[in-house]
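Below is one structure, written out as structure tokens; the observations come after it.
We number each residue from 1, following the sequence as shown.
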Amino acid sequence: MHPYLYDIPLPWGGSLTIASYGFMIMCGFLVCIFLARRRAKKLDLNPERVFDLAFAMIVGGILGARLFYVVQFWNEAGFAQDPLMILRIDKGGLVFYGGVIGGAIG
């Protein structure tokens, strides 16, 4: 798989790069939300509550995945020297088990 799908040139200069991994994560989130809402309707549950739960789990999962990455690679990635790099997901990554734990908490 190519690491980047597309570069969108911006009118003020530079470009917005669409990463393959992030795009696939987004597709997975959207498909799961769609299927969960459809199943909730069949079970006579409120689909809006399913959306609220999914949103909390997505935010918790991404934060947990990034937190575990930062903890795991604190020295190698140089987060101590430049704390703003903690926010740069494009310059680092996410950890799967951190996402599972964060999503469960969410």
Side-chain angles (χ1 to χ4, degrees):
M1 177 163 57
H2 297 284
Y4 300 104
L5 292 177
Y6 194 68
D7 282 329
I8 301 170
L10 299 174
W12 52 84
S15 65
L16 175 67
T17 303
I18 306 297
S20 301
Y21 184 71
F23 181 76
M24 293 300 161
I25 289 175
M26 181 194 68
C27 289
F29 286 155
L30 293 176
V31 168
C32 287
I33 290 171
F34 172 76
L35 293 175
R37 286 178 58 108
R38 203 166 94 181
R39 186 169 176 98
K41 289 177 186 175
K42 288 182 183 178
L43 297 173
D44 289 331
L45 299 173
N46 185 357
E48 290 304 314
R49 295 192 78 175
V50 170
F51 182 78
D52 293 342
L53 176 63
F55 182 77
M57 292 177 73
I58 289 169
V59 170
I62 292 173
L63 290 176
R66 185 61 180 174
L67 176 68
F68 273 73
Y69 179 86
V70 169
V71 169
Q72 186 173 359
F73 296 104
W74 181 261
N75 294 327
E76 292 90 353
F79 293 119
Q81 291 82 17
D82 188 9
L84 289 177
M85 289 298 291
I86 293 172
L87 303 175
R88 298 286 313 263
I89 293 177
D90 61 325
K91 299 292 183 191
L94 305 171
V95 174
F96 173 75
Y97 51 85
V100 171
I101 293 169
I105 291 171

task: Please examine the side chains of Ser15 and Ile8, heavy atoms only from C-beta on, and report whether any two atoms are closer than 4.5 Å.
output: no
Any Tyr6 side-chain heavy atom under 4.5 Å of Leu16 side chain: no
task: Please collect all ring-ring contact (aromatic ring centres under 6.0 Å, His included) contacts where either partner lies in residues 38-57, sequence neighbours excluded, each pair once.
output: none
- prompt: Which other residues belong to the hydrophobic cluster containing Leu45, where Ile, Leu, Val, Met, Phe, Trp and Tyr are joined when side-chain heavy atoms lie under 4.5 Å apart, directly or via other members?
  reply: Leu43
query: In the single-linkage hydrophobic clustering (I, L, V, M, F, W, Y; side-chain heavy atoms under 4.5 Å), do Val59 and Leu94 co-cluster?
result: no
- line: Those residues at least two apart in sequence (or on a different chain) that pass side chain to side chain donor-acceptor pair (under 3.5 Å) with Asp7 are Thr17
Please list every donor-acceptor pair under 3.5 Å in which a side-chain atom of residues 25-40 meets a protein atom from a residue at least two apart or in another chain.
from  : atom 1 : to    : atom 2 : distance (Å)
Arg37 : NH1    : Glu48 : OE2    : 3.4
Arg37 : NH2    : Glu48 : OE2    : 3.4

query: Mind checking who shares a hydrophobic cluster with Phe96, ILVMFWY linked at side-chain heavy-atom distances under 4.5 Å?
result: Val100
query: Got a second to check how far Phe23's CZ is from Leu5's CG, nearest 0.5 Å?
result: 6.5 Å
Donor-acceptor pairs under 3.5 angstrom involving side-chain atoms of residues 63-83: please list them, not counting sequence neighbours.
from  : atom 1 : to    : atom 2 : distance (Å)
Arg66 : NE     : Ile86 : O      : 2.8
Arg66 : NH1    : Gly93 : O      : 2.9
Arg66 : NH2    : Met85 : O      : 2.9
Arg66 : NH2    : Ile86 : O      : 3.1
Arg66 : NH2    : Arg88 : O      : 3.2
Gln72 : OE1    : Tyr97 : OH     : 2.9

